[in-house]
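Please read the structure below before turning to the comments.
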Amino acid sequence: MTSNLVDDPYSQVLFEGLPEFLPGWVWLVGGGPGDRGLLTLHAVNALRQADAIIYDALVDKAILSFARPDILLEFAGKRGGRPSPKQKDINLRLIELARQGKRVLRLKGGDPFIFGRGGEEALQLVEEKIPFRVVPGITAGIGGLCYAGIPATHREINQSVTFLTGHDHTGEMPTALNWDAIAKGSQVIVMYMAMKHLHGITDKLLQAGRRPDEGAAVICNASTPAQQVLISTVSEIAEASEHSHMKPPAVIVIGDVVKLRGGLDWLGHANDGKELISDPLRASFPPTTED
Ligand code: SAH
């Protein structure tokens with residue numbers, strides 16, 4: 001057997017019937033936003049069997065402790081929205097290790113198929129006829145909001161959510177996005193990698209008619225001990241976030257669901273002193289308690 005976990009009868013029950021990680025396979029696994037409690041059983045099942053783990057910058061190192069001690073651990077991180085010349089090297093490395101007969105775990109932050117290049121890596125594996133499996137993870141745009149006490153949907157407020165990235169492969173604001181349509185048609189907007197261009201993005205949304213006093217939040221290092229949440233409005237969030245010196249990784253949410261945090265900040269006490277609030281909304285938006 002492959003892991004010390006399997007000596008424990010409870011673990012045996014936990015993993016019984018889950019797939020065996022076969023040599024020569026690559027598993028693309030989502031590690032969630034940070035808190036290791038948000039890993040799936042499939043992810044832990046992968047970690048306990050892998051021979052090699054290629055992991056990203058946003059993966060919490062504590063998660064790697066679920067792996068066997070003697071395996072190959074390689075960092076393939078990239079950050080900050082720059083084009084990634086290394087993506088091709090990562091693909092080649094996955095292929096190389098799989099061809100050596102290793103059980104290769106590609107561990108990615110959040111969900112592999114949400115702004116995570118999981119699709120690109122998987123397509124390359126298909127091309128090279130390397131067998132693979134994909135394990136979804138909790139994406140930062142959902143888990144992060146939850147840890148900030150902000151429901152992504154709330155019946156009285158929104159019936160849709162839009163996920164977008166604040167920059168494209170060139171590092172600039174995505175030109176393929178129709179900001180006007182997004183401003184007019186998206187009730188709640190959840191933005192990844194949007195800190196750098198937040199001024200530009202909120203300007204575009206306001207120009208397209210978004211209410212300046214609509215709720216907006218920056219959630220940084222969501223679900224980790226370093227989580228910080230900044231509450232503001234669409235017109236003020238860019239400046240407020242600059243003043244707060246909050247750093248990526250952060251998800252930014254635009255929409256009146258933000259006002260619900262006033263009543264739903266379930267992590268609030270645990271985060272004493274780590275919470276940044278610039279909150280013109282609190283007085284005017286009492287929390288809704290009815291569903
Ligand atoms: N595949 C990942 C996203 C990777 S892109 C997912 O599904 O979550 C990297 C971006 O994800 C970051 O710039 C940030 O916008 C967001 N992100 C990832 N982890 C985060 C975290 N713990 N807190 C806040 N944002 C996070």
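For ligands, and for the atoms within them, numbers begin at 1 and follow the listed sequence. Everything numeric in this text was worked out from a predicted model, so none of it was measured.
- The side-chain heavy atoms of V229 and V218, taken from C-beta on, include no pair separated by under 4.5 Å.
- Side-chain contact between I252 and I189 is absent, with no heavy atoms from C-beta onward closer than 4.5 Å.
- Considering A226, A140, G143 only, the shortest heavy-atom separation from atom 26 (C) of ligand 1 involves A140.
- Scanning the protein for heavy atoms near atom 5 (S) of ligand 1, the closest one is F115 O, 3.3 Å.
- For atom 11 (O) of ligand 1, the nearest non-hydrogen atom of the protein is Y192 CD2, 3.5 Å.
- Taking every heavy atom of I219 and a limit of under 4.0 angstrom, the matching atoms of ligand 1 come to 24 (C).
- Atom numbering of ligand 1 starts at 1 in the shown order; those under 4.0 Å from a heavy atom of T139 are 6 (C), 7 (O), 8 (O).
- Scanning the protein for heavy atoms near atom 22 (N) of ligand 1, the closest one is P33 O, 2.8 Å.
- Here is the list of ligand 1 atoms found below 4.0 Å of a heavy atom in V251: 24 (C), 25 (N).
- The side-chain heavy atoms of V126 and F132, taken from C-beta on, include a pair separated by under 4.5 Å.
- Within the 4.0 Å heavy-atom criterion, the part of N221 lying near ligand 1 is the backbone and not the side chain.
- Using a 4.5 Å cut-off on side-chain heavy atoms (C-beta onward), M195 and K247 make no contact.
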Cut-off 3.5 Å, no hydrogens considered: what does the side-chain donor-acceptor table look like for residues 27-46, sequence neighbours left out?
residue, atom, partner, partner atom, Å
D35, OD1, G37, N, 2.8
D35, OD2, Y147, OH, 2.7
T40, OG1, A43, N, 3.0
N45, OD1, R48, NH1, 2.7
N45, OD1, Q49, NE2, 3.1
N45, ND2, P19, O, 2.9

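- Taking any N or O of A250, backbone or side chain, at least one lies under 3.5 Å from an N or O belonging to ligand 1.
- The shortest contact between atom 9 (C) of ligand 1 and any protein heavy atom is with L58 CD1, 3.6 Å.
- Side-chain contact, Q87 with E120: no donor N or O sits under 3.5 Å from an acceptor N or O.
- Applying the 4.0 Å criterion to heavy atoms of D111 picks out, from ligand 1, the atoms 1 (N), 6 (C), 7 (O).
- Every atom of ligand 1 with a heavy atom of I114 under 4.0 Å away is listed here by number and element: 1 (N), 2 (C), 3 (C), 6 (C), 7 (O).
- Salt bridge status for E121 with R117: absent, with no side-chain N to carboxylate O gap under 4.0 Å.
- For a threshold of 3.5 Å applied to N or O pairs, the pair formed by G109 and ligand 1 contains at least one separation below that value.
- Annotation: side-chain hydrogen bond (donor to acceptor under 3.5 Å, both in side chains) contacts of D180 (sequence neighbours excluded): K184.
- Between A222 and ligand 1, a contact under 3.5 Å exists for at least one N or O pair.
- In this structure, E96 pairs ionically with R93, as a charged nitrogen and a carboxylate oxygen lie closer than 4.0 Å.
- Protein heavy atom at the shortest distance from atom 13 (O) of ligand 1 is M193 CG, 3.1 Å.
- Judged by distance alone, the side chains of E239 and H199 never bring a donor and an acceptor atom under 3.5 Å apart.
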